[in-house]
Amino acid sequence: MNPYEALPDRNYWSRSVAKISPFDVSELYNKKFEISPTDKISTAGSCFAQHIAKRLAKAGFDYCDFEPPLAAFPRERMADYNYGVYSARYCNIYTVRQLLQTFKRAFGIFEPLDQFWQDVDGVRDPFRPALEPVPFVDRHEAQASREAHFKSVRSLFSTSDLFIFTLGLTEAWIDVRDGAVLPLCPGTKGGVFDPDRHRFANFNTSQMRQDLEEFVELCSNLNPKLKFLLTVSPVPLVATATDNHVITATTYSKSALRAVAGEFADAHPRVAYFPSYEIIAAPPFRGTFFESNMRGVSEHGVDFVMSNFFKSHPPNIAQQLVTPILVDQQKSAVDVVCEEMLLEMYAR
Amino acid sequence: MIVLLGDSHSRAIINGYAKLSQAERRTVSEAVDFRCGFLGPAFSFSEPFWMRRSDGISFAKEDMQKRFEGVVGSQAGIIRPGDHRKFIFSIGSQPSLLHVPNLWAEFTAGSGQEDTHYLSRSAFRETLKYYNRFSFGFFRTLKELNVDFSVLASPPPSPHFALVEQLGRRALDLWRLHDEIFYEELNSMAIDYEVPPEIVRQSTTRYLRLPLHDSLFLSSPHGNADYGELFLRDLLTKKGVSGIAFDADEVDRTLDSPATLAAWYIKLGFSLANQRSSAAPLQFDQALKIEPQNPKAMFGLGYAYGQLHLTHEAEAQLTRTLSKYSDYAECWAALAVVRIGKGMYKEAQSAMENAVAMDPSRVDRQLRLASILERTGELARAGEILTEILFGEMGQKALHLGVHSSEEKIGLDPVVFETDPYAAATLLTRDPAPFWIILGRIELRSGRRSAAEQCFQRACSLSTAKPVWFAYLADICFERGDFHRAIEGYEAALKASPKVLKYYKRLGISYERIGRIESARSIYLRGLSELPLESELAALLESAISNEKRAASTA
């Protein structure tokens with residue numbers, strides 16, 4: 001008698017992968033806790049997280065938007081202004097460090113030296129440079145927007161029951177003077193790149209683990225009931241600033257992110273891991289769920305990911321009828337707000 | 001022909017035109033064929049209101065088209081390509097976007113505010129463009145058709161608009177932003193914008209000239225003939241009509257005829273105080289800075305504090321006012337009411353007696369005095385006053401004054417002040433109930449239970465009856481053993497006040513007395529669900545259960 005004998009089929013490749021259709025692969029997710037219909041759910045993360053946000057809202061979960069648009073704001077412009085994309089208008093949060101920094105800034109624990117970028121056409125927020133299609137008129141406006149945003153973020157972390165974070169990247173740009181991490185390299189969407197001030201960082205698992213620990217601890221002190229669901233974006237990098245091929249760089253990023261997400265979830269009872277990365281990118285699925293550019297995730301892919309989620313966390317059917325969709329159904333799964341795509345402009 | 005049409009702001013122009021002398025109107029009509037009219041309220045232009053035809057544009061809404069034809073003639077109800085008429089449209093400039101109910105409760109833009117969500121200028125522009133898409137579409141189409149037109153700018157905001165009273169300072173920021181962005185959009189379409197004359201915006205001594213950033217505008221230009229007249233004179237002069245320009249130095253127009261700046265602040269202050277706005281005291285402060293001994297401003301400040309339940313400040317200010325102006329009846333009455341609010345009935349009595357002595361015709365003050373006397377135990381006097389009001393000369397006079405158009409009600413709310421002498425008639429003819437209640441209480445305290453019951457019965461039969469009055473009636477019925485009527489009264493009282501122990505007790509006991517033990521039990525349980533710690537109810541419930549068992553075993 002050995003431990004393997006009693007294991008279920010899903011533990012065996014031959015039984016649960018090799019001999020069946022990829023679309024019949026199931027039980028990928030180890031549910032760690034229930035999500036009740038009244039649990040207030042918030043999301044953040046990289047582009048892929050937007051899919052999760054939209055589907056949760058549509059499925060009738062109590063998906064929360066702490067920074068909603070004005071009721072008279074045109075719906076077709078909401079995504080351009082980052083309304084309804086996540087639970088607050090932080091734009092994409094690609095790295096764990098950025099997530100931790102967002103929390104710290106919102107609660108006044110950390111104030112970066114670089115507050116605003118004064119560009120020719122207006123003022124940008126270095127930490128939300130693509131928030132709106134045009135920059136702010138002046139610093140006053142940028143500051144007012146930021147203060148209102150932070151108030152929403154504080155409310156989000158104080159009152160949510162479940163926070164879903166999609167880890168997207170390990171690469172980032174840092175201001176060496178204070179360690180502030182920027183979501184986009186200065187000079188790509190506002191700001192000016194300064195090689196003396198801006199340094200490239202490619203976070204490793206130990207750094208990310210430390211950041212996650214600090215983030216969860218801060219959250220738990222504030223809101224002990226808050227649970228976390230981590231997931232890793234299957235979307236490859238648009239570009240890498242390392243010396244590696246983008247495939248190699250992507251593999252490193254996703255591997256490191258996957259490792260830290262899994263380890264961290266295993267170590268914390270209030271943190272769970274959902275395998276959206278595996279569902280899209282694992283070999284058995286043969287890249288079926290990628291768009292033709294082998295980067296964007298197709299609508300079917302998102303459907304498949306969420307169907308696995310909903311098997312363990314059934315949608316609230318009754319609530320589906322009354323829950324408004326936060327952002328109008330966008331035309332395709334690739335049609336998300338992805339500032340990282342700006343880097344594509346610099347490809348010669 | 002110059003045709004000015006649009007939203008309610010065009011009414012100011014219409015009213016302004018009526019203020020021109022006959023000679024001036026002749027001058028205008030000889031120079032240009034000037035027509036103006038109202039098409040519809042501002043919000044009607046945020047819906048589809050026009051339609052493109054093969055031969056031009058007409059208005060899609062029937063009433064709007066009829067009004068248009070009423071101004072230009074039924075044969076000329078289509079705006080054609082290259083139309084010979086010059087149009088001035090008051091469309092889109094009035095910020096009806098800002099008046100959508102509750103839209104801006106949680107939002108601001110422009111200067112920003114801490115406790116709200118913030119809308120950037122860019123996002124505000126998107127919102128404005130979307131909200132006004134039908135208006136902008138109308139303008140674009142007019143341009144395509146080569147029609148000569150301009151757009152009339154909106155008047156400045158009025159403090160009497162709900163938005164301004166609701167949002168205060170923030171409303172001005174939004175208004176200014178709306179104006180700027182609307183103008184920018186018109187500019188981008190190369191559309192002329194007819195702005196109010198400089199006189200409206202420049203001077204510092206007249207109401208029309210108060211800078212927008214300085215304070216809430218004291219009066220309403222909206223629909224206002226004085227404002228419209230100035231605007232029209234300036235507009236037509238610019239269009240080439242001579243002989244009707246105004247002399248800026250001679251202009252001294254005010255909306256509601258307060259002669260001085262202090263009076264404007266006082267007027268605004270009372271308006272805000274009646275809305276219980278926290279901005280009210282500031283207006284009286286401003287008035288007192290200009291005229292430190294103004295009795296109305298001094299009284300108004302005390303009144304405003306009273307409306308905000310700042311009773312200490314109200315008492316101090318009203319007393320200060322009376323030390324200078326001891327014959328100020330309204331101030332004595334206000335002081336009395338403040339003292340009622342503080343439970344100082346004897347002191348309230350002396351203040352209200354002063355007010356009544358100075359102006360015995362004020363029925364509302366007589367009523368309030370009767371109410372105070374009932375509290376201080378002077379029942380006979382209270383009863384006399386009420387009897388006189390209800391049945392005597394005063395009451396008859398008040399009745400014959402007829403129903404006033406005001407919808408204001410005087411109740412027994414201690415901080416409601418009435419400044420309208422005819423409001424007493426409203427009280428008597430619309431809602432005599434409070435009289436009956438006070439009289440009933442007086443009769444009860446005097447031991448005349450039957451008379452008291454009749455008074456309460458009359459009060460309870462009125463549509464404005466309050467649930468607590470049913471309890472007064474129920475108490476009397478309960479005490480004389482009419483448990484059926486007591487049940488009706490307590491049930492009614494409990495609907496509005498489900499946490500009053502006495503009602504549950506007496507209701508339950510009443511049911512027991514008429515043999516409905518099960519109903520009694522249910523009442524005690526209901527009571528315990530609202531008042532779980534009430535041991536009396538628990539004891540009554542136990543007793544009811546035992547009685548029920550005993551009755552069952554006997555049967």
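If you're wondering where the values come from, they're calculated on a predicted model, not measured in any experiment. These numbers come from the heavy atoms of this one structure, side chains and all, not from hydrogens, waters or symmetry mates. Below, read A as the first sequence line, B as the second, and so on, with proteins coming before strands; counting in each chain starts at 1.
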Centroid-centroid distance, B:Phe138 to B:Phe49, less than 6.0 Å: yes
Over 12 non-hydrogen atoms of neighbours within 6.0 angstrom of OH in B:Tyr183: no
Are the charged groups of A:Lys40 and A:Asp62 less than 4.0 angstrom apart, N to O? yes
Are the ring centres of A:Phe136 and A:Phe116 closer than 6.0 Å? no
Could you tell me which of B:Val100, B:Thr127, B:Leu119 has the largest number of non-hydrogen atom pairs under 4.5 Å with chain A? B:Thr127
One option among A:Ser152, A:Ala71, A:Pro68 has the most heavy-atom pairs under 4.5 Å with chain B, and it is A:Pro68
Give, as side chain, backbone, both or neither, the part of B:Leu97 having an atom under 4.5 angstrom from any heavy atom of chain A. side chain
Is chain B contacted by the side chain of A:Glu132, its backbone, both, or neither, given a heavy-atom distance below 4.5 Å? side chain
Selection from B:Glu106, B:Glu126, B:Arg121 maximising heavy-atom pairs under 4.5 Å formed with chain A: B:Glu126
A:Phe150 versus chain B, heavy atoms under 4.5 Å apart: side chain, backbone, both or neither? neither
Taking only residues two or more places apart in sequence or in another chain, which ones pass side-chain contact (heavy atoms from CB on, under 4.5 Å) with A:Val134? B:Ser122
In residues 56-65 of chain B, what donor-acceptor pairs under 3.5 Å come from side-chain atoms, sequence neighbours left out?
{"from": "B:Lys61", "atom 1": "NZ", "to": "B:Ser44", "atom 2": "O", "distance (Å)": "3.3"}
{"from": "B:Lys61", "atom 1": "NZ", "to": "B:Glu47", "atom 2": "OE1", "distance (Å)": "2.5"}
{"from": "B:Glu62", "atom 1": "OE2", "to": "B:Lys66", "atom 2": "NZ", "distance (Å)": "2.9"}
{"from": "B:Gln65", "atom 1": "OE1", "to": "B:Phe59", "atom 2": "N", "distance (Å)": "2.8"}
{"from": "B:Gln65", "atom 1": "NE2", "to": "B:Glu69", "atom 2": "OE2", "distance (Å)": "2.9"}
{"from": "B:Gln65", "atom 1": "NE2", "to": "B:Gly77", "atom 2": "O", "distance (Å)": "2.7"}

Contact origin within A:Tyr81 toward chain B - heavy atom pairs under 4.5 Å: side chain
